[in-house]
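Residue numbers begin at 1 in each chain, while the letters A, B, ... track the order of the sequences.
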2 protein chains.
Amino acid sequence: MANIKEIARIAGVSVTTVSRVLNNHPYVSKDKRAAVLDTIEQLNYTRNMNAVHLITGRTGAVAVILPYINAFYFSIIMNGLAHEALLAQYRLILCQSNYLAEEEIKVLEMLRNKEIDGVVIVSTALKPEVIEEYTAYGPVVTCQDSGQRRYSSVYIEHYAAFRQGLQYLTGKGYRSIGYCEGRQNGSSASIRQTAFREFIAEHKLDFQEEWMIYDCTTEEDGAAVARSLLEMPERPEAMIITGDHVAAGLIIEARKAGLSIPGDLAVMGFDNQPIGRLLEITTIDNHLYEMGASAFRIIHEQISSDNPDPVYRKLDYRIIERSTV
Amino acid sequence: MANIKEIARIAGVSVTTVSRVLNNHPYVSKDKRAAVLDTIEQLNYTRNMNAVHLITGRTGAVAVILPYINAFYFSIIMNGLAHEALLAQYRLILCQSNYLAEEEIKVLEMLRNKEIDGVVIVSTALKPEVIEEYTAYGPVVTCQDSGQRRYSSVYIEHYAAFRQGLQYLTGKGYRSIGYCEGRQNGSSASIRQTAFREFIAEHKLDFQEEWMIYDCTTEEDGAAVARSLLEMPERPEAMIITGDHVAAGLIIEARKAGLSIPGDLAVMGFDNQPIGRLLEITTIDNHLYEMGASAFRIIHEQISSDNPDPVYRKLDYRIIERSTV
DNA sequence: TTGTATGCGTTATCAT
DNA sequence: ATGATAACGCATACAA
């Protein structure tokens, strides 16, 4: 395959001139430019970008770490990231880590390796201290609130959002509330758990341990929760559920069993998913698309400006009132 | 940042020896290896992979072209791809093209540029002839059946699968069938459309043009279809719908209006999505995860073996009998 | 088992 | 406006 040297030879110019044409630099005469362009066309030449990456120290690529791509939550964030990356002419390297720390480290090593210009961590199995070590090699943005770290973050105020959801429920008069969480571990889960327990205590709400249910990630899990609620000697008047698809599963199964929603059981979802709209689930929209878009904009800004100062961007959330509460 | 030369100097060996250690080559004495490893540790050295890519001509990356990541269909395929890529220690570059030919071409140009070792095209706005032009620069695998092309493909027999779905419906005694399609354009859509029309004609089934509905991609679209069915002077006894989530929207809305499923209206879905299991939707599983996994295995094989001979892999499909037909 | 020298293909520097 | 040459950091053929 032809290289810049050959183009130069055939076009009768220096490699520098060819490079200038390639990069749209000024100070190239019209005819020389034409000659170069001609030769490029003739030889079907194209740059070897690896050489460009080597000498410029930039690759135009950003890696994204997330546990699973086929989950609404992550795919919407990814959508936001991808959209902005397209606009910025950047490439996205997807690392589906399955929460394996080992794999996530490999991605951060790519930053050290100069294979990528930055890393967006949507969810991580890694400790903040570990991530911080890598900020020396390039910008890192997380989509979780890890405090004022040496890397940027764009995050949802899970505590406040969850509390507001509970407030909404008590405002509607519910005095006993159950809680359905996704993965038990995970930083946002524990924050919400704290918010839940504190709120229950503050407002002296009725409560039973079995009303806190973990590891509900699928529609089927939601349905299973419905069945177990039906078998409880005493069940809560309302459920707050992280993920509208899980809420949907619960609602469909509960209705199948003859329960009226919200009459017999109120349900509040999370994430404002399409299925939630269909079932008219009252939910909290936490602007996931914007989260991804924002994360990319931040990392792109940091790469372009060579400014490593971290930024911390707090996102809005909003209760969408529908008819399951 | 330190480079191989500096490591060599400090460790008191040649750069070749350092390179050998780095690449786990044999013929390095124990103490020299230890010295090199020590120095690497001390200087916190890591390879500049761009230099490696330049000289080896390989990058260990494969690009994936798909229109939208936040759709069940694509995200499952992506999951399969990502899983296999992880096993093979390969990186995946995600290009969310929004069906923009221009963006898809850019990805194929990356193959020419040597930025990637291969391309997986899950869905494309590109003509087969255009794709074929790029096979000169590296292996390409598509997830669509485009016949015996100069690139590989792993595909679902949309015609046969759809026909089997219709067969299943007529087998259950339905004599008037409606059809709900995703994007009107798109190769699989037109194949199914042909299958549908031919089947209707062959079996002399009742048919009305308004029973063919296009551009149904969301739950809401499915619900809208339910509403429009209710307003038809004459409606089909059964609907076959590409995508369980669309079918779910239709079913939920239809039941809301008092229709019994399958009593008043039978519904057959596609893709075996989680929501379909919850609503007990009879569906056709076309093994999307396996599609992604298989696509990656093929391209990985072709990259590793330098064998450009295309392979054509036909996937299985399977009707899952539940209770909406 | 080890080292020297060369090449990968480009951009950056500096001189003219 | 143009060109000669260095530099990027590594792998590898070849010699020893």
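- Between the P atom of dG3(C) and the CZ atom of Arg9(B) lies a distance of 15 Å, rounded to the nearest Å.
- The distance from atom NZ of Lys114(B) to atom P of dT10(C) is 11 Å, rounded to the nearest whole Å.
- Taking atom CG of residue Leu22(A) and atom C1' of nucleotide dG3(D), one finds them 16 Å apart after rounding to whole Å.
- A straight line from CZ of Arg58(B) to P of dT12(D) spans 12 Å, rounded to a whole angstrom.
- The residue from Glu103(A), Glu115(A), Glu109(A) that alone fulfils the salt bridge (Lys or Arg N to Asp or Glu O under 4.0 Å) condition with Arg91(B) is Glu115(A).
- At dG3(C), one or more side-chain N or O atoms of Thr17(B) fall inside 4.0 Å of OP1 or OP2 (strictly under the cut-off).
- Among the atoms of the strands shown, none is found under 4.0 Å from any heavy atom of Val18(B).
- Each of Ile55(B) and Thr56(A) was assigned the nucleotide of DNA chain C with the nearest heavy atom; the assignment lying further toward the 5' end belongs to Ile55(B).
- Put simply, the side chain of Ile105(A) reaches to within 4.5 Å of the side chain of Leu126(A), judged on heavy atoms.
- With dC10(D), dT4(C), dG9(C) as the candidates, the nucleotide lying closest to the side chain of Ala51(A) is dG9(C).
- Residue Leu54(B) contributes atom CG, which lies 12 Å from atom P of dT12(D) at whole-angstrom precision.
- Within the 4.0 angstrom heavy-atom criterion, only backbone atoms of the sugar-phosphate kind lie near Lys32(A); the bases stay farther away.
- Within a 6.0 Å sphere centred on CD of Glu129(B), heavy atoms belonging to other residues, nucleotides or ligands number more than 12.
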Query raised in the report: Can you list the steps and then say if Glu133(B) with Arg112(B) is a salt bridge (Lys or Arg N to Asp or Glu O under 4.0 Å)?
Result: CA-CA 10 Å; Glu133(B) 285 175 28; Arg112(B) 243 182 113 206; over 6 Å; no
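- Residue Thr16(A) places none of its side-chain N or O atoms closer than 4.0 Å to OP1 or OP2 of dG3(D).
- Across all non-hydrogen atoms, the minimal contact from Tyr151(B) to Val140(B) is CB-O, 3.4 Å.
- Distances were taken from every side-chain heavy atom of Arg20(B) (C-beta onward) to each of dG9(D), dC14(D), dT2(D); the shortest belongs to dC14(D).
- Comparing Ser19(A) and Asp31(B), the nucleotide of DNA chain C nearest to each residue sits closer to the 5' end for Asp31(B).
- A heavy-atom distance below 4.5 Å is found between the side chains of Tyr45(A) and Ile4(A).
- Look at NE2 on His25(B): it is 14 Å from C1' on dT2(C), rounded to the nearest Å.
- In this structure, the side chains of Phe296(B) and His300(B) come closer than 4.5 Å at one or more pairs of heavy atoms.
- Residue His287(A) places its NE2 atom among more than 12 non-hydrogen atoms of other residues, nucleotides or ligands, all under 6.0 Å distant.
- Spacing between atom NZ of Lys5(B) and atom P of dG3(C) amounts to 15 Å, rounded to whole angstrom units.
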Query - Dot-bracket notation for DNA chain C, counting Watson-Crick and G-U pairs under 3.5 Å, with | for partners on another strand - result: ||||||||||||||||
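- Contacts between residues 41-50 of chain A and DNA chain C, defined by a heavy-atom separation under 4.0 Å, are made by Tyr45(A), Thr46(A), Arg47(A), Asn48(A).
- The OH-P distance, from Tyr27(B) to dT12(D), rounds to 16 Å in whole Å.
- The shortest distance between side-chain heavy atoms of Met78(B) and Ile69(B) falls below 4.5 Å.
- Residues Ile156(B) and Leu288(B) are in side-chain contact: their nearest non-hydrogen atoms beyond the backbone lie under 4.5 Å apart.
- Distances shorter than 4.0 Å separate none of the side-chain N or O atoms of Asn3(A) from OP1 or OP2 on dT10(C).
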